[in-house]
Amino acid sequence: MPTVATHNGTFHADECLAVYLLTTHVSPFRGSSIVRSRDPKVLEKADIVVDVGGEYDPSRHRYDHHQRGFVETFSPEHDIKLSSAGLVYKHFGKEVIADILGWEHADPRLETVWLKAYDDLVKTYDGVDNGVQQYPGDVKPRYRDRTTIGARVGNLNPWWNDTTTNVDDRFKQAVSMTGAEFVDFILYLGKSWLPAREIVANAVSARFEADASGKIILFRQYSPWKEHYHILEAELRLNESGELPLYVVYPDETAGQWRVQAIPKAVDSFESRKALPEPWRGVRDDDLSQLSGIPGCVFVHASGFIGGNKTLEGALTMAKKAVVF
């Protein structure tokens, strides 16, 4: 049976996730025995060593990041050094994702999910373990967050005055916890996030069919779109055309109506690229239909970021009038 080795003593989130990925989803190491030690003779005999040993040598399956001179990052575009979690994910992440999602290793979707999971999850492990602040150090937090993955793993370590708890049992518990959250996130990306991206990509490609201006994106089924749109906008370099989309139209399946929404300037921004016309804002129902000349209007929000109509035709007409207003 292969052996995966990491350090003994206090454990941290990064080696817990690294051990989980290797022993659960990487074929040469699946089901491996786990050894926790700092003894060089013990580490030398292990098939793979993570977070201890002072070596980064993928050819020998040595994945430590504490040694002087270590500067490895996930890619040239990333500036946070890898922890043991990031190292294992960089080298084995695509295999892990394929195993979780049941995809072939040559599946072209793997690259997208692999990159997304690093940026939105694994990079957190790297940043925390390497002491990288999320914001400038002179900004005092208004509260303390004890619910992060690093904090929850840390809490599983026995108290300083606890002499009865088995540390290795707690380590296994932490491995399971980090692994379960990782798997949940990969399942979300593969089964929810990625299908939504494909819907948004198709709608962006077909935007000139919705309106000749190309400034309206039509979704015939609802899908989360803001994050995907802004990512695709950058990937497709839509800004180079000088004619960026301004509105999306999509069904509100709960209300049985249609919505027209202004595209925000950035994914987390409350500022619209072009809000719906000011005279419409805060007006509802028949009053709005009479004012706009569009049948079936339901509302326009007071800020102009969103409006509604009873029909697809009505919502599209609202968007088209807004484009030229």
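Heads up: numbering here begins at 1 and tracks the sequence.
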Taking side chain as C-beta onward, heavy atoms only, is [X] less than 4.5 Å from [Y]?
| X | Y | answer |
| --- | --- | --- |
| Pro40 | Leu43 | no |
| Ile263 | Leu246 | no |
| Met318 | Lys321 | no |
| Val19 | Asp51 | no |
| Phe182 | Met177 | no |
| Tyr247 | Leu218 | no |
| Ser289 | Ile294 | no |
| Arg146 | Arg152 | no |

Are any of the side-chain nitrogens in [X] or [Y] under 4.0 Å away from the carboxylate oxygens of its partner?
| X | Y | answer |
| --- | --- | --- |
| Glu253 | Arg259 | no |
| Arg62 | Glu44 | no |
| Arg30 | Asp99 | yes |
| Glu209 | Arg220 | no |
| Glu227 | Arg197 | no |

Looking only at the side chains, is there a donor atom on one of [X] and [Y] sitting less than 3.5 Å from an acceptor on the other?
| X | Y | result |
| --- | --- | --- |
| Gln261 | Tyr250 | yes |
| Ser27 | Glu95 | yes |
| Asp39 | Ser37 | no |
| His65 | Glu72 | no |
| His78 | Asp119 | yes |
| Thr3 | Ser32 | no |
| Asp162 | Thr164 | yes |

Closest heavy-atom contact between [X] and [Y]?
| X | Y | result |
| --- | --- | --- |
| Ile186 | Ala117 | CD1-CB, 3.7 Å |
| Leu82 | Phe70 | O-CE2, 3.5 Å |
| Trp258 | Leu312 | CD1-N, 3.2 Å |
| Leu17 | Ala85 | CD2-CB, 4.1 Å |
| Phe219 | Pro251 | O-CD, 3.1 Å |
| Ile100 | His25 | CG1-CE1, 3.5 Å |

Which value, rounded to the nearest 0.5 Å, describes the distance between [X] atom [atom1] and [Y] atom [atom2]?
| X | Y | atom1 | atom2 | answer |
| --- | --- | --- | --- | --- |
| Ile80 | Asp129 | CD1 | CG | 12.0 Å |
| Tyr229 | Ile217 | OH | CD1 | 5.0 Å |
| Lys320 | Glu313 | NZ | CD | 8.5 Å |
| Leu238 | Leu244 | CG | CG | 6.5 Å |
| Asp287 | Phe299 | CG | CZ | 15.5 Å |
| Trp193 | Phe185 | CH2 | CZ | 8.5 Å |

### Task
Could you tell me whether Phe29 and His61 have their ring centroids closer than 6.0 angstrom?
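Yes, they do, as the ring centres are separated by less than 6.0 Å.
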### Given Asp14, Asp64, Thr6, the one that forms side chain to side chain donor-acceptor pair (under 3.5 Å) with Ser84
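That would be Asp14; it is the only one of Asp14, Asp64, Thr6 passing the side chain to side chain donor-acceptor pair (under 3.5 Å) with Ser84.
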Should [X] and [Y] be regarded as members of a common hydrophobic cluster, given that ILVMFWY residues are connected when their side-chain heavy atoms come within less than 4.5 Å of each other, either directly or indirectly?
| X | Y | answer |
| --- | --- | --- |
| Leu189 | Leu101 | yes |
| Leu316 | Phe325 | no |
| Leu121 | Tyr188 | yes |
| Val153 | Val4 | yes |

### Query
According to the interplanar angle, ranging from 0 to 90°, do the rings of Phe74 and Trp114 count as parallel (below 30°), tilted (30 to 60°) or perpendicular (above 60°)?
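Geometry flag for Trp114 against Phe74: tilted rings.
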### Message
Below 30° counts as parallel, above 60° as perpendicular, anything between as tilted: where do the rings of Tyr56 and His91 land?
### Response
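Tyr56 and His91: tilted rings.
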### Query
Is the Lys NZ or Arg CZ of Arg36 less than 6.0 Å from the centre of Phe171's six-membered ring, within 45° of the axis?
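Judged by the rule, Arg36 and Phe171 form a cation-pi pair.
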Please check this pair: side chain of [X] against backbone of [Y], looking for a donor-acceptor N/O pair closer than 3.5 Å.
| X | Y | result |
| --- | --- | --- |
| Lys90 | Thr73 | yes |
| Thr178 | Val175 | yes |
| Ser75 | Glu77 | yes |

#### Entry: side chain to side chain donor-acceptor pair (under 3.5 Å) between Asp57 and Tyr63, intermediate numbers included
CA-CA 7 Å; Asp57 184 356; Tyr63 299 99; over 6 Å; no
